[in-house]
Protein chains: 2
Amino acid sequence: MDKHDRISPAVIRRLPKYYRYLGELTKMGINKTSSRELSEMTGFSASQIRQDLNNFGGFGQQGFGYDVENLRNEIAKILGLDNKYKIIIVGAGNIGQAIANYTGFYEADYEVVALFDKNPKLIGMSIRNAMIMDSDDLEDFLEKEKIDIAVICTPKSVSQQVAEQLVRCGIHAIWNFAPKDLKMPENVHVENVHLNESLFSLTYYYNRMNREKNKNE
Amino acid sequence: MDKHDRISPAVIRRLPKYYRYLGELTKMGINKTSSRELSEMTGFSASQIRQDLNNFGGFGQQGFGYDVENLRNEIAKILGLDNKYKIIIVGAGNIGQAIANYTGFYEADYEVVALFDKNPKLIGMSIRNAMIMDSDDLEDFLEKEKIDIAVICTPKSVSQQVAEQLVRCGIHAIWNFAPKDLKMPENVHVENVHLNESLFSLTYYYNRMNREKNKNE
DNA sequence: CGCCTCCTGCCTATATTTTAACAATCATTC
DNA sequence: GAATGATTGTTAAAATATAGGCAGGAGGCG
């Protein structure tokens, strides 16, 4: 699987989108598609779609197109959506609870096994079969349970410290919602969801649009 | 302000990060910095940082560096963080409520004015001074109040429809949390936060790491 | 069967983004 | 007040990402 090593992040970011649209086609009962059709749906150029897919092998048939279900399965395999993943959430505040309640992951087999928090009022509560446990028990828990992905939803002040603790306990994949960049060793992958930065970008474009509108009036 | 028109999105995405780190420097009482220092903090190359900033003008002093507070204010101005923004949230489920409760926006003046939902159990509740109102009252509300940014936290099945309604009522900036791409006119800016796609990317890298680890053993 | 249309996979060209290099400039030191 | 070291702004080069173009294969149709 050496070919995976050199795939650009931009390609990986697009794959979930293809996957989603292929799912929609399946739901509509359409079982054949083409890069042109996917282009219309996703907004990416047909050429780019073909090239993206060809990074992983020729899933299509020349002169014909792609089999929707087959292509979807192949992308699932590439992303690893054909496996099960156990998740814990550290920090059971607003965001942590929202993630635990989020049903949008249904497309793959992600299971939130437990949440952790310091707040005694939260400890003992359950969210969709997942218990909120005391943060002090985190390390013991990770020793016993094999966890794939940890979600950090703590305040930023403790996020680095929590991340280091997680890594010490063998975690290699972190989904970080704290507005801070984690300094992590090479063999840990961090996926950031920085809501501020997203909102600030939006703010920039909002203002730019307003400036243009005023100019044209 | 024509120069803003051609700034690449990649640059805009980095500005909030500079802004955040400059805030941290201020908090530490440091009032002078350099592209090299910012590079160490942010992980971007010093060259790139200088080039990014010079898109908007020379904020530094040759041979000396940048004044932390001044640079931070300039970036704030570029992003528009020196203004106030009124926000509504459509969909007061888990994510909607979490956003309403989110305090991470404190760096700028964002005010969540109201939430909207169809669920009678939620209508009438308040979250941090913002009331959850009936979705049926959305259009009336938007006629009376001048809202800058709308957040979509509805199920994906209605997100497109909600977005169109918002645009009809004069909204031009949408922060979309529904796992669907909105088809919008040119003069509307949509910033997507697609949690699935983010998690799927993480899953890909998690698996790739595991493959590499197994190979090296 | 032959022709036409459509579409992939691949190769090439263009555009964009990032990195590198360097002259100009400033504060500091001796 | 001249030399030094640090650092910017800017230009050029390299790397990367995207788009375009085309040969060849597949299916459909008369």
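Labels below follow one simple rule: chain letters A, B, ... track the order of the sequence lines, proteins then strands, and each chain is numbered from 1. Bear in mind that the values here come from a model prediction, so they are computed numbers and not experimental data. Values reported hereafter were calculated over all heavy atoms of this structure, with side chains retained and with hydrogens, waters and symmetry mates removed.
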Counting the atoms with a prime plus P, OP1 and OP2 as sugar-phosphate, which does [X] contact under 4.0 Å by heavy atoms, base, sugar-phosphate, or nothing?
X: B/F44; result: nothing
X: B/S47; result: base
X: A/S34; result: sugar-phosphate

Using whole Å, report how far [atom1] of [X] lies from [atom2] of [N].
X: B/L71; N: D/dT8; atom1: CG; atom2: P; answer: 10 Å
X: B/E74; N: D/dT8; atom1: CD; atom2: C1'; answer: 16 Å
X: A/R36; N: D/dA19; atom1: CZ; atom2: C1'; answer: 17 Å
X: A/Q48; N: C/dT14; atom1: CD; atom2: C1'; answer: 14 Å
X: A/N55; N: C/dC11; atom1: CG; atom2: C1'; answer: 14 Å
X: A/D52; N: D/dA17; atom1: CG; atom2: P; answer: 11 Å
X: A/I49; N: D/dA17; atom1: CD1; atom2: P; answer: 17 Å
X: B/I12; N: C/dT16; atom1: CD1; atom2: P; answer: 16 Å

N/O (side chain, [X]) to phosphate O (OP1/OP2, [N]) under 4.0 Å:
X: A/S35; N: C/dC7; result: no
X: A/Y66; N: C/dG9; result: yes
X: B/S45; N: C/dT18; result: no

Quiz item: Is any side-chain N or O of B/Q62 under 3.5 Å from a base N or O of D/dT8, one able to act as donor and the other as acceptor?
Solution: yes
Practice problem: For A/C169 and A/L142, work out which heavy atoms get closest and say how close. | Solution: CB-CD1, 3.5 Å
Quiz item: Testing B/S35, B/S39, B/S34 for side chain to side chain donor-acceptor pair (under 3.5 Å) with B/R50, which one passes?
Solution: B/S35
Quiz item: Are B/Y85 and B/Y110 close enough that their ring centres sit under 6.0 Å apart?
Solution: yes
Quiz item: Do we get A/K17 above A/F44's six-membered ring, with its NZ or CZ under 6.0 Å from the centre and within 45° of the axis?
Solution: no
Quiz prompt | Minimum-distance nucleotide to B/N54 side chain [options: C/dT17, D/dT8, D/dG9] | solution = D/dG9
Quiz prompt | Residue whose closest nucleotide on DNA chain D lies nearer the 5' end, A/R50 versus B/F59 | solution = B/F59
Quiz item: Hey, which of these two, B/Q51 or B/K32, hits DNA chain D nearer its 5' end, going by closest nucleotide?
Solution: B/K32
Quiz item: Are B/E111 and B/K146 within salt-bridge range, i.e. N to O under 4.0 Å?
Solution: no
